[in-house]
Amino acid sequence: CSFPDGPASSTVSVQVKDSDNANSNTATQTVAIANVAPTVTLTGQATVNEGSSHIYSFTTSDPGADTFALGVTDCGSGGSQVGADTFNPATGAGSFECSFPDGPASPIVSVTVSDSDGASDSDTLAVTVSNVKPSIVLTGDATADEGSTHTYSYTVTDPGQDSHTITTACGANGAKVASSDSYNAGTGAGSFKCFFADGPATTDVTATVTDSDGASDTDNQVVVVTVNNVAPTVTLSAANDLSVNEGTSHTYSFTTSDPGEDQFSLVSVDCGLNGSQVGTASFNPSTGAGSFLCSFPDGPASSTVSVQVK
């Protein structure tokens, strides 16, 4: 006897006859047919990254001739369901989508199905949600003049729901401007300023992000800045004598300015076509300041006084 569905009862009977064709009595037994609970099998991704969504499918088997009803689908603590379930009550098959916003986490994904006789079964799947390291993109000038300040900007992205710590630096030959760091945690955008005192030099401008799940989740971007030397500017004093008498000598003073942190050397001084230098020029290599004496033997004439420093 086959009993396709329960709960039910069925009377099993048997009757025989002898060789004289006389029938026996009919013997009967009542069989109670019990319902068997369905079996639900859940499948899907067991290892996922934070910020990702995945579909979990399930099937239902039942030895009886039942239809099915979907009970509960759950994405667990650390997961959330996206959209509505799909379910076929005739076959007991279906699926649902889970989103995992942040890791590390260990949600338990589950589903429960019951048959038309009220018996049910559940299945679960342990999911490991991995943290994903953030990324940072740094932009800014790759060349700079000595004595100049430049702003460097960056953006931080992270698929998880993490907070972030940003570390910025201007390298061995740059100096970060005090209180210049700014960062908007809502947009992931930030910036800082670097001052490059002297060149020629090369320095690495860096920005590093670390998320709230640990220092191993960091990214580093490097901008190589070549600091150019800027030539000094030498200026003859406005107080120097520009109108003189023949047969007289006059001192001509000069100063030097430079955006870098340089030492100076005197290249040349000249009293012009109608003047001649007297003695040796005085010069301070640390400041670039100095003076020299010019003699003008005859007039009327004009003479161009000049000085060059490097």
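For the single chain, residues carry numbers from 1 onward in sequence order.
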Task: Phe292 vs Phe283 side-chain heavy atoms within contact, under 4.5 Å - done: no
Task: With Val177 via side-chain contact (heavy atoms from CB on, under 4.5 Å) - residues at least two apart - done: Thr149, Ser180, Lys193, Phe195
Task: Min side-chain heavy-atom separation Val129-Pro107 under 4.5 Å - done: yes
Task: Pair listing, side-chain hydrogen bond (donor to acceptor under 3.5 Å, both in side chains) test, anchored in residues 92-111, at least two apart - done: Thr86-Ser95
When the side chains of residues 300-310 are checked against the rest of the protein, which donor-acceptor pairs come out under 3.5 Å, sequence neighbours left out?
from   : atom 1 : to     : atom 2 : distance (Å)
Ser303 : OG     : Cys271 : O      : 2.6
Ser303 : OG     : Leu273 : N      : 3.4
Ser303 : OG     : Asn274 : N      : 3.2
Ser303 : OG     : Gly275 : N      : 3.4

Open item on the list: As a quick check of understanding, evaluate side chain to side chain contact (heavy atoms under 4.5 Å, CB included) for Thr30 and Thr28, giving each step before the final call.
Closed with: CA-CA 7 Å; Thr30 300; Thr28 64; 5.9 Å; no
Task: Residue pair Thr251 / Ser291, side-chain donor-acceptor N/O under 3.5 Å - done: no
- [ ] Determine whether Val111 and Val40 make a side-chain contact, defined as any pair of heavy atoms from C-beta on separated by less than 4.5 Å.
- [x] yes
- [ ] Please name all residues satisfying side-chain contact (heavy atoms from CB on, under 4.5 Å) with Asp115, sequence neighbours left out, ordered by chain then number.
- [x] Asn35, Pro38, Asp62, Asp66, Phe68, Asp117, Ala119
Task: Reported CG-to-CG distance for the pair Asn229 and Asp262, which is rounded to 0.5 angstrom - done: 5.0 Å
TODO: Verify whether one side chain among Asp211 and His164 offers a donor that lies under 3.5 Å from an acceptor in the other.
DONE: no
Task: Thr60 (side chain) donor-acceptor with Gly92 (main chain) under 3.5 angstrom - done: yes
- [ ] To the nearest 0.5 Å, tell me how far Asp145 CG sits from Asp198 CG.
- [x] 12.0 Å
Task: Modelled atom types, side-chain donor and acceptor of Thr112 and Ser122, under 3.5 Å - done: yes
Identify all side-chain donor-acceptor contacts of residues 234-241 below 3.5 Å with residues at least two apart in sequence or on another chain.
from   : atom 1 : to     : atom 2 : distance (Å)
Ser237 : OG     : Ala239 : N      : 3.1
Asn240 : OD1    : Ser253 : N      : 3.1
Asn240 : ND2    : Ser237 : O      : 3.3
Asn240 : ND2    : Ser253 : O      : 3.1
Asp241 : OD2    : His250 : ND1    : 2.7

- [ ] Show the numbers, then the answer: is there a side chain to side chain donor-acceptor pair (under 3.5 Å) between Thr139 and Ser153?
- [x] CA-CA 5 Å; Thr139 58; Ser153 301; 4.9 Å; no
Open item on the list: Can you pull out every disulfide (SG to SG under 2.5 Å) where at least one residue sits in residues 116-211? Sequence neighbours excluded, please.
Closed with: Cys170-Cys194
Task: For Thr233, side-chain hydrogen bond (donor to acceptor under 3.5 Å, both in side chains) partners two or more places apart - done: none
Task: Side chains of Val109 and Phe96 in contact at under 4.5 Å (non-hydrogen atoms) - done: yes
Task: Leu293 side chain reached by Gln277 side chain, heavy atoms, under 4.5 Å - done: no
- [ ] Show your working on side chain to side chain contact (heavy atoms under 4.5 Å, CB included) between Thr167 and Thr210 and close with a plain yes or no.
- [x] CA-CA 8 Å; Thr167 303; Thr210 304; 5.9 Å; no
TODO: Just jot down the side-chain contact (heavy atoms from CB on, under 4.5 Å) partners of Asn23, sequence neighbours excluded, or say none.
DONE: Gln15, Lys17
Task: Residues Thr73 and Asp85: side-chain donor-acceptor under 3.5 angstrom - done: yes
TODO: Over all heavy atoms of both residues, which pair between Asn173 and Phe196 is shortest? Give the atoms and the distance, please.
DONE: O-CD2, 3.9 Å
Task: Non-neighbouring partners of Ser276 that pass side-chain contact (heavy atoms from CB on, under 4.5 Å), sequence neighbours left out - done: Ser295
TODO: Quick one: which residue pairs count as a disulfide (SG to SG under 2.5 Å) with a foot in residues 34-75, not counting sequence neighbours?
DONE: Cys75-Cys98
- [ ] Provide the closest heavy-atom pair for Asn131 versus Pro104 in the form atom of the first, atom of the second, distance.
- [x] CB-CD, 3.8 Å
Task: Residue pairs involving residues 159-178 (criterion salt bridge (Lys or Arg N to Asp or Glu O under 4.0 Å); sequence neighbours excluded) - done: Lys176-Asp181
TODO: Tell me, with the steps shown, if Tyr183 and Val156 meet side chain to side chain contact (heavy atoms under 4.5 Å, CB included).
DONE: CA-CA 10 Å; Tyr183 177 62; Val156 173; 4.0 Å; yes
Which atom pairs, donor and acceptor, lie under 3.5 Å between side-chain atoms of residues 47-57 and protein residues at least two apart or in another chain?
from  : atom 1 : to     : atom 2 : distance (Å)
Glu50 : OE1    : Gly103 : N      : 2.8
Glu50 : OE2    : Val132 : N      : 3.0
Ser52 : OG     : Asn49  : O      : 2.5
Ser52 : OG     : His54  : NE2    : 3.0
Tyr56 : OH     : Gln45  : O      : 2.6

Task: Verdict with supporting geometry, Thr151 and Phe192, side chain to side chain contact (heavy atoms under 4.5 Å, CB included) - done: CA-CA 6 Å; Thr151 298; Phe192 59 102; over 6 Å; no
